[in-house]
Protein chains: 2
Amino acid sequence: MPTSALPPNARERQKRERRLALIEAAQRLVGERGLDDVTVDEISSEAGLSTRTFFNYFDSKDDAVLGIQEIELDADVRAQFVAGGPSGRLMTDLEALVAGFLTNAAPNIEQGERAMRLMVAEPRLVQRHIAWHQRVIGELDELLAERRKARPSPVDDDTIGMVAGLLMRASALAWARSGYEGDAAAHLPEAVAQLRLLLDD
Amino acid sequence: MPTSALPPNARERQKRERRLALIEAAQRLVGERGLDDVTVDEISSEAGLSTRTFFNYFDSKDDAVLGIQEIELDADVRAQFVAGGPSGRLMTDLEALVAGFLTNAAPNIEQGERAMRLMVAEPRLVQRHIAWHQRVIGELDELLAERRKARPSPVDDDTIGMVAGLLMRASALAWARSGYEGDAAAHLPEAVAQLRLLLDD
DNA sequence: ACTGCAACTTGCACTCACTGCAAGAATAAT
DNA sequence: ATTATTCTTGCAGTGAGTGCAAGTTGCAGT
């Protein structure tokens with residue numbers, strides 16, 4: 001048995017393929033011509049699908065270019081955080097949680113890299129990317145409420161959420177700065193270190 | 001001479017009035033019916049202006065609801081930061097800089113408060129608000145480049161920029177949490193304290 | 001294989017945000 | 001009073017995004 005990522009189901013397989021085709025077409029066309037000179041119609045027909053179907057897969061053109069998807073946290077990472085672990089120190093545990101999100105963020109390194117490159121040329125995409133982080137981090141609120149029972153903290157949810165979002169983006173940027181070595185999660189410690197450096201100036 | 005905020009110029013006065021009328025109409029209607037059930041046409045005619053003119057004043061519907069404007073940093077705050085001051089410690093000076101932005105952020109407390117309230121009901125507005133912070137903070141890059149000559153720092157621009165953005169939002173949230181006491185800038189120290197609390201868990 | 005079922009795709013018609021342009025009105029400058 | 005400038009407005013257009021209803025396609029049970 002090779003990997004759990006291969007669905008035997010034909011429906012699921014097509015879904016993945018179509019999704020991937022849309023992202024691929026979107027990234028290629030936007031890379032060539034720029035975000036505002038590519039229409040959803042073009043992306044769709046490039047991927048061999050109808051425009052209407054495009055919007056069954058993505059909420060917006062920007063989302064397709066970024067390859068945005070729902071990402072789910074590993075159940076054990078989640079459970080450990082809620083229980084007040086793994087280390088018991090909030091910042092350290094938050095780092096573990098963010099790492100959990102980041103490793104599931106992109107199914108595909110190249111796709112993520114292309115997205116990062118396009119963001120340099122198209123600031124609008126950065127906004128959408130940050131908005132996506134926000135949505136992902138939204139799940140954090142429930143987790144924090146749970147965790148507080150096991151291990152209270154004087155830091156409010158808003159601040160924790162914003163720092164989590166910052167770490168996501170900082171990791172992605174550090175990853176880009178490194179010339180895309182490894183994956184984004186690998187640069188999380190660097191992001192945390194920079195943040196500490198600034199705070200302790 | 002009463003204050004520098006009163007332009008003798010009729011053009012400038014009308015500009016302010018129209019801008020304000022648009023914001024007022026946008027906030028009221030969106031508050032009543034929600035962001036997606038109000039059209040730009042309605043906002044415009046409510047303000048007694050054409051739809052086309054609306055877009056001479058704002059880039060988007062969301063911007064009008066938030067009352068987004070260009071904000072400029074006081075020249076002396078700017079000069080001091082670039083020179084490596086006022087305290088010489090980066091984080092402290094960054095705080096002063098963010099305070100400089102925040103005090104010029106809204107010409108009008110009530111307008112800012114209404115915007116904050118609408119953001120609770122309309123998450124899309126939060127995104128736009130963050131995006132606006134990003135744009136404001138964009139100016140920081142030049143300032144940092146200058147400041148590095150006077151006082152180098154091991155912290156990279158990206159991290160500094162993100163922290164500045166975080167402080168803006170954190171201050172606004174703390175302001176809201178306080179029941180809108182004073183202005184947002186008054187809650188900056190609280191925001192910084194929370195951040196430090198988390199980092200030093 | 002046949003049938004009924006559910007999921008998915010697609011075309012169609014529609015709303016609305018937003019833009020460029022050119023003409024006209026208001027204001028400022030001379 | 002006349003000219004120049006700035007701003008508003010209407011118009012026509014592009015394109016994102018949505019709801020709906022009709023087809024297609026894969027799936028399950030028989």
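To find a chain, count down the sequence lines: A is the first, B the second, and so on, and within it residues start at 1.
- In summary, A/Glu113 and A/Arg117 engage in a salt bridge, as defined by a charged side-chain N under 4.0 Å from a carboxylate O.
- Using a 4.0 Å cut-off between charged nitrogen and carboxylate oxygen, B/Glu32 and B/Arg28 count as a salt-bridge pair.
- What separates CG of B/Asp41 from P of D/dT9 is a distance of 13 Å, to the nearest Å.
- At a threshold of 4.5 Å between non-hydrogen side-chain atoms, the residues A/Val30 and A/Lys61 do not count as touching.
- In this structure, the side chains of A/Arg16 and A/Arg13 stay at 4.5 Å or more apart for every pair of heavy atoms.
- A straight line from NZ of B/Lys15 to P of C/dA26 spans 18 Å, rounded to a whole angstrom.
- Against DNA chain C, the stretch residues 58-66 of chain B makes heavy-atom approaches under 4.0 Å through B/Asp59, B/Ser60, B/Lys61.
- The distance from atom CZ of B/Phe55 to atom P of D/dG10 is 15 Å, rounded to the nearest whole Å.
- As a whole-Å value, the separation of A/Ile43 CD1 from D/dA16 P is 8 Å.
- Other residues, nucleotides and ligands contribute over 12 non-hydrogen atoms within 6.0 Å of the CG atom of B/Asn56.
- Computed from coordinates, the B/Arg16 CZ to D/dC7 P distance equals 14 Å when rounded to whole Å.
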Please list, one pair per line, the donor and acceptor atoms closer than 3.5 Å that link side chains of residues 71-79 of chain B to other protein atoms, with sequence neighbours excluded.
residue : atom : partner  : partner atom : Å
B/Arg78 : NH1  : B/Glu139 : OE2          : 2.4
B/Arg78 : NH2  : B/Glu139 : OE2          : 3.3

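- The neighbour count for A/Asn108 CG, taken as heavy atoms of other residues, nucleotides or ligands under 6.0 Å away, is above 12.
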Under-3.5 Å N/O pairs linking protein and nucleotides 10-15 of chain C:
residue : atom : partner : partner atom : Å
C/dT10  : OP2  : A/Ser50 : N            : 3.1
C/dT10  : OP2  : A/Ser50 : OG           : 3.4
C/dT10  : OP2  : A/Thr53 : OG1          : 2.6
C/dG11  : O6   : A/Arg52 : NE           : 3.4

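- Between A/Asp157 and A/Arg148 there is a salt bridge, since a side-chain N of the basic residue sits under 4.0 Å from a carboxylate O of the acidic one.
- One finds the CZ atom of B/Arg19 at 10.5 Å from the CZ atom of B/Phe54 (value rounded to the nearest 0.5 Å).
- Evaluation of the side-chain hydrogen bond (donor to acceptor under 3.5 Å, both in side chains) rule for B/Gln127 yields no partner, not counting sequence neighbours.
- B/Val136 places a side-chain heavy atom less than 4.5 Å from the side chain of B/Met168.
- As rounded to whole Å, 12 Å separates atom P of D/dT8 from atom CD of B/Glu17.
- Checking the phosphate oxygens (OP1, OP2) of C/dT9, a side-chain nitrogen or oxygen of A/Tyr57 falls inside 4.0 Å.
- With hydrogens and angles disregarded, a donor-acceptor distance shorter than 3.5 Å links the side chain of B/Arg196 to the backbone of A/Leu199.
- Between B/His187 and B/Arg177 the shortest side-chain heavy-atom distance does not fall below 4.5 Å.
- Look at CG on B/Asp37: it is 13 Å from C1' on C/dC16, rounded to the nearest Å.
- In this structure, the CZ atom of A/Arg124 is 13 Å from the P atom of D/dG15, given to the nearest Å.
- The existence of a salt bridge linking B/Arg151 and B/Asp93 is excluded, since no basic side-chain nitrogen approaches an acidic carboxylate oxygen closer than 4.0 Å.
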Given Watson-Crick or G-U pairs with both distances under 3.5 Å, what dot-bracket string fits DNA chain D, with | for other-strand pairs and [ ] for crossing? ||||||||||||||||||||||||||.|||
Anything under 3.5 Å between a protein N or O and an N or O of nucleotides 21-26 of chain D, put it in a table, one pair a line.
residue : atom : partner : partner atom : Å
D/dT25  : O2   : A/Arg11 : NH2          : 3.1

